Student: 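The following block contains the structure, expressed as structure tokens.
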4 protein chains.
Amino acid sequence: MSPRRRDADSTAAARTRRRAELLGIAADIFAERGYAATTIREVADAAGMLAGSLYYHFDSKESMADEILSTFLTELWESYDRILQEKHDPRQALEALIAASFTAIDRHRPAVVLYQNESKHLGQSPRFAYLDASHVRFRDMWVGLLERGVREGAFRSDLDVPLAYRFLRDTVWVAANWYTPGGRLTADTVARTYLTMILEGIQPGPS
Amino acid sequence: MSPRRRDADSTAAARTRRRAELLGIAADIFAERGYAATTIREVADAAGMLAGSLYYHFDSKESMADEILSTFLTELWESYDRILQEKHDPRQALEALIAASFTAIDRHRPAVVLYQNESKHLGQSPRFAYLDASHVRFRDMWVGLLERGVREGAFRSDLDVPLAYRFLRDTVWVAANWYTPGGRLTADTVARTYLTMILEGIQPGPS
Amino acid sequence: MSPRRRDADSTAAARTRRRAELLGIAADIFAERGYAATTIREVADAAGMLAGSLYYHFDSKESMADEILSTFLTELWESYDRILQEKHDPRQALEALIAASFTAIDRHRPAVVLYQNESKHLGQSPRFAYLDASHVRFRDMWVGLLERGVREGAFRSDLDVPLAYRFLRDTVWVAANWYTPGGRLTADTVARTYLTMILEGIQPGPS
Amino acid sequence: MSPRRRDADSTAAARTRRRAELLGIAADIFAERGYAATTIREVADAAGMLAGSLYYHFDSKESMADEILSTFLTELWESYDRILQEKHDPRQALEALIAASFTAIDRHRPAVVLYQNESKHLGQSPRFAYLDASHVRFRDMWVGLLERGVREGAFRSDLDVPLAYRFLRDTVWVAANWYTPGGRLTADTVARTYLTMILEGIQPGPS
DNA sequence: GATGAATGAGCGTTCATTCAT
DNA sequence: GATGAATGAACGCTCATTCAT
């Protein structure tokens, strides 16, 4: 790595790193207090700077939420797309998607909380059109998967697919509200336990 | 309208009805936009009056949320308590509690949304201490029921009770976000379908 | 007194009596909390009615203050005028005026407090022009009396008349802030004690 | 302006000066219109800024009054305490205290007016408890001084001390309502004239 | 004479945002 | 990169006042 290269790094890359750091702080507070109830002064305080200084890094409060959410969704869909390409068996795909979702919660907890609590609102502004688009993709993915699973006998034939889709979607994301990365349960454990409940129910099986 | 009707109607009863009407409007908007993001002027607009006029009926924005939430929770716990007294079989109790929850969503949809989205923030103020108290009662109720069910063989012996409690709790209330009273699905239908998924899972049973 | 006469009394006179009663209540609160800081709801509460009901009796909050102050000033000037006609000796006139002022405090304490605290403000509105007029008359009366007294040897020849006027004026009225009718000191006692201090000073006399 | 000057000037000192400037403006208007009747917008207008901008400098309207009053009282008591330590003769102490009071009026006229007109109301809030404390200290100081003066023969033996205390207190402070710094009379002249009236009275002495 | 419900203006305060330094 | 001071719009709320009943 040439010195020239390192210099370029210490500007562009350092800037990127600082942005990410600030966004992490913002995401934590947005998730904790709610987007509307969070003041950018609170974010700035937590970052050890004055409110006005944040505007050197970001255009607006909205743009922070935007960057937090779009970063999260981009990464999420990358992992989903990888799974959808690899796993053709509905049951296996479902397992992998659920696991990937819990991994996302583990890695982007505040972003997930933000997504869950505020996407309805924010989605109304054109800037956040991708949130609604993501919802649609989400629904299509799950509904498609469930319908195929029913056809292929992986899932109960009497499944109410639209309802089951919402059941799955909500059940998974809502866990971000109580899951603590590094706590008693790892993302993987939670995922497996949830999967068992979802697939086999909570009453005793026949075996 | 006969004088008799007007007499019975006037004063206390009419006031109560007007308050309820206004609270209904407020609850709808709080649920739709979020409590913090809702302005008193939006509520007043929707009620066809000026912002200040709301203060003839209510002390503060907070007191509106308070009345919405406490009314809902009072009614909810009345129905829960009735069930807990009547149904001693864990499985039957669970079914009845889930059904009662969906009935509550049907009747108090905006209040449920408000409860779910804002109780964490509001609960910090002493005035809303009953929200946290309700959470605790909730947890104790479900955890107790699940543990008893496991002991008595009604539920899987390997159930992770704390996790299952959260699964049940979230799964049910989160439905308030999409459920439309008077839509395709009645509260009862949703409750029965959810119950089947929760009890038996989504994969085909052996029977 | 004919019945007809008594009927007329029970309308006009009763109305007058009620107004006076309400004005007494208002004056107490205006004096206690300050005019600007007093809400007409507080006055109405104290009178056992609703805020709106006061407007049956009075045009506005201002008109209450108006009536309180003008009633007080009319009576005050009546007593002053009587004295000025009777007492031609400066020293005797001064004594009588001071005594009359303390009598006014005794009988109209809240009005005096209101007068003292709010006349500067209220005087700016044309409706209260008589307040400024009264101030001028006041000053002319005292300054005239003091100058005559100096000329005639009743008061010190080196008296700074404008300053002494303010001294007398303030000294007397400000007592309304602590004087309690029916307390340890009667208006007359206070008047006599004040007079001694004003005339002879607080240091020991030669006698 | 040299850089040296600007450096010494900047940050803390400049901020303090700006605060003092704004407080001076606020004090003028509070004194002129009354605290309750003054709007924050009036203060901001006079300062050439918008209402909200004041909140960059001060927490609240109340905190402005607080700072104005506490600054004044601190300085006043410093001068009083110095006198009480130095002058042991009651008559000399009284003269010095009256003079110091007029000096305080000269330097803090609006603060004195505010103190006199609003301390009764403001004193009820815990934040302004020091106002009541100051009243008590005031009374103790004057009553103590007068009693000692009577015992030692400096003041008339028949003096009604509690009444004389109020007489002195009011007489002095009330002058803030008409005294104009830089006008015909200096604070010192007023003080001396007042003192003569207080000590020797307004009627001709025997000498 | 009084009530109950509302109006409309304005208040103290907050907050995202801007910008010269 | 960050600060300090300000803007301007809006917010929750208060209050004198009105008026049909």
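Please read all numbers here as calculations on a predicted model, not as lab measurements. Hydrogens, waters and symmetry mates play no part in the numbers below; they use all other heavy atoms, side chains included.
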Student: Within a reach of under 6.0 Å around CZ of D:R127, are more than 12 heavy atoms found that belong to other residues, nucleotides or ligands?
Tutor: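 Counting neighbours around CZ of D:R127, more than 12 heavy atoms of other residues, nucleotides or ligands fall under 6.0 Å, so yes.
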Student: Whole Å only: how far is the CG atom of C:L50 from the P atom of F:dT21?
Tutor: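 Interatomic distance, CG of C:L50 to P of F:dT21: 18 Å.
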Student: State, to 0.1 Å, how close A:I68 and A:A111 come at their nearest heavy-atom pair, and which atoms those are.
Tutor: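 Smallest heavy-atom distance, with atoms named: CG2-CB, 3.8 Å.
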Student: Quick one: D:R15 CZ to F:dT3 P, roughly how many Å, whole number?
Tutor: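 Those two atoms, CZ and P, are 12 Å apart.
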Student: Reading DNA chain F from 5' onward, which residue's closest nucleotide shows up sooner: A:M49 or D:L22?
Tutor: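 Result of the comparison: A:M49.
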Student: Separation of C:E42 atom CD from F:dC15 atom P, in whole Å?
Tutor: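 It is 7 Å, rounded to the nearest whole Å.
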Student: Rounding to an integer number of Å, can you tell me how far C:Y56 OH sits from E:dG4 C1'?
Tutor: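 So the OH-C1' distance, C:Y56 to E:dG4, works out to 18 Å.
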Student: Rounded to whole angstrom units, what separation is found between the CZ atom of D:F58 and the C1' atom of E:dT14?
Tutor: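 My rounded result for the distance is 17 Å.
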Student: With a 4.0 Å limit, can you tell me whether A:H57 has a side-chain N or O closer than that to the phosphate oxygens OP1/OP2 of F:dA2?
Tutor: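 Answer is yes, contact under 4.0 Å.
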Student: Ignoring backbone atoms, establish whether A:R19 has a side-chain N or O less than 4.0 Å from OP1 or OP2 of F:dG1.
Tutor: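 No, no such contact exists.
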Student: Going 5' to 3' through nucleotides 15-20 of chain E, assign each nucleotide B (protein heavy atom under 4.0 Å from a base atom), S (under 4.0 Å only from sugar-phosphate atoms) or - (no protein heavy atom that close).
Tutor: SSBB--
Student: Got a sec? Which of residues 114-124 of chain D come in under 4.0 Å of DNA chain F, heavy atoms?
Tutor: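 By residue number: none to list.
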Student: For DNA chain F, what is the dot-bracket line, given that a base pair needs Watson-Crick (N1 to N3, plus N6-O4 or O6-N4) or G-U wobble (N1-O2 and O6-N3) geometry with both distances under 3.5 Å, and | means paired with another strand?
Tutor: .||||||||||||||||||||
Student: Which residue pairs satisfy the ring pair (Phe, Tyr, Trp, His ring centres under 6.0 Å) criterion with at least one member in residues 11-54 of chain B, sequence neighbours excluded?
Tutor: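 Every ring pair (Phe, Tyr, Trp, His ring centres under 6.0 Å) pair that includes a residue of residues 11-54 of chain B, provided the two are not neighbours, is B:F30-B:Y35.
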Student: Side chain to side chain donor-acceptor pair (under 3.5 Å) with C:S119: which residues, sequence neighbours excluded?
Tutor: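 Per chain and number, C:S119 pairs via side chain to side chain donor-acceptor pair (under 3.5 Å) with no residue.
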Student: Compile the donor-acceptor pairs under 3.5 Å between side chains in residues 19-29 of chain D and protein atoms, sequence neighbours left out, one pair per line.
Tutor:
from: D:R19; atom 1: NE; to: D:E67; atom 2: OE2; distance (Å): 3.2
from: D:R19; atom 1: NH1; to: D:H57; atom 2: O; distance (Å): 2.8
from: D:R19; atom 1: NH2; to: D:E67; atom 2: OE1; distance (Å): 2.4
from: D:R19; atom 1: NH2; to: D:E67; atom 2: OE2; distance (Å): 3.1

Student: Mind calculating the distance between CG (B:D45) and C1' (F:dC11) to the nearest angstrom?
Tutor: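 Checked: the CG to C1' distance equals 14 Å.
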Student: Taking atom P in both F:dT21 and E:dG1, what distance in whole Å separates the two?
Tutor: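 Straight-line distance between the two P atoms is 22 Å.
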